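Scroll down for the structure; my scribbles are underneath it.
Please read all numbers here as calculations on a predicted model, not as lab measurements.
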Amino acid sequence: MRCPLAPKRGRRCAGYGGTIIMTEIVFYQLQRQPLERVLPTLIEKSLERGWRVVVQAASEERVEALDAHLWTFRDDSFLPHGTWREAEASEQPILLTLDGDNPNGAAVRFLIDGAPMPTDADAYQRIVLIVDGEDPDAVAAARARWSESKAKGLDVTYWQPDEEGRWQRLG
């Protein structure tokens, strides 16, 4: 079977001759909506694609808050998850963590609150950086990460909500 992505920008495909897909780096700039509203929706979309997820935060307080929130973010749904401290972390479809490990074999890594890029970034299908658009320092850091990723030749996209709250691709 031929890889459907091979002709595009030199991509290689997982499952096609043992090679892997180039990691896609996706930036979401939050404006007028909190992380707690956006992150669960993005995680749901990842799970629908059959991807395991790891969410890396910058503080234990954020992990604890997300741990509680993902169980109750909607009345009719929850997102099954655990934290890196649990013995069964490797079995979790969604893992909340502070470090760069990937014990659950996630295909997607979400970086929030300025969490650093993992050293094994090429091991993921997608890395999603969620940026607080109301914080000038966070936006400046995202621009620097964008430039660094582009310079490395990575597949990078940047999304920002329009006036109606719909995501618009900016780059």
List the atom pairs, donor and acceptor, that lie under 3.5 Å between side-chain atoms in residues 126-133 and the rest of the protein, sequence neighbours left out.
unit_1	atom_1	unit_2	atom_2	d
R126	NE	E24	OE1	3.1
R126	NH2	E24	OE1	2.8
D132	OD1	E134	N	2.9

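With S46 contributing its side chain and W51 its backbone, the two residues share no donor-acceptor pair below 3.5 Å. In this structure, the side chain of E86 engages the main chain of T83 through a donor-acceptor pair within 3.5 Å. A donor-acceptor contact shorter than 3.5 Å is absent between the side chain of D101 and the backbone of P103. No side-chain donor-acceptor contact under 3.5 Å links T97 to the backbone of W84.
Within the 4.5 Å cutoff, the side chain of Q160 has no heavy atoms near those of the F27 side chain. Within the 4.5 Å cutoff, the side chain of I112 has heavy atoms near those of the L66 side chain. Looking at heavy atoms from C-beta onward, W167 lies in side-chain contact with V38 at the 4.5 angstrom threshold.
The same ILVMFWY cluster, assembled from side-chain heavy atoms under 4.5 Å apart, contains both L111 and V139. Linking ILVMFWY residues whenever their side-chain heavy atoms come closer than 4.5 Å, directly or via other members, leaves V63 and F78 in distinct clusters.
By the 6.0 Å contact criterion, CG on D76 is enclosed, its count of non-hydrogen atoms from other residues, nucleotides or ligands being greater than 12.
With sequence neighbours left out, the salt bridge (charged side-chain N to carboxylate O under 4.0 Å, His left out) criterion links E148 to K152. A search for side chain to side chain donor-acceptor pair (under 3.5 Å) contacts involving Q29 returns Y158, not counting sequence neighbours.
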Could you go through the side chain to side chain contact (heavy atoms under 4.5 Å, CB included) check for L47 and L79 one step at a time?
CA-CA 9 Å; L47 293 178; L79 290 169; 4.0 Å; yes
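Atom CZ of R37 and atom NE2 of H69 lie 9.5 Å apart (nearest 0.5 Å).
In summary, R52 and E91 do not engage in a salt bridge, as defined by a charged side-chain N under 4.0 Å from a carboxylate O.
For Q92 and N104, the side-chain atoms include no donor-acceptor pair closer than 3.5 Å.
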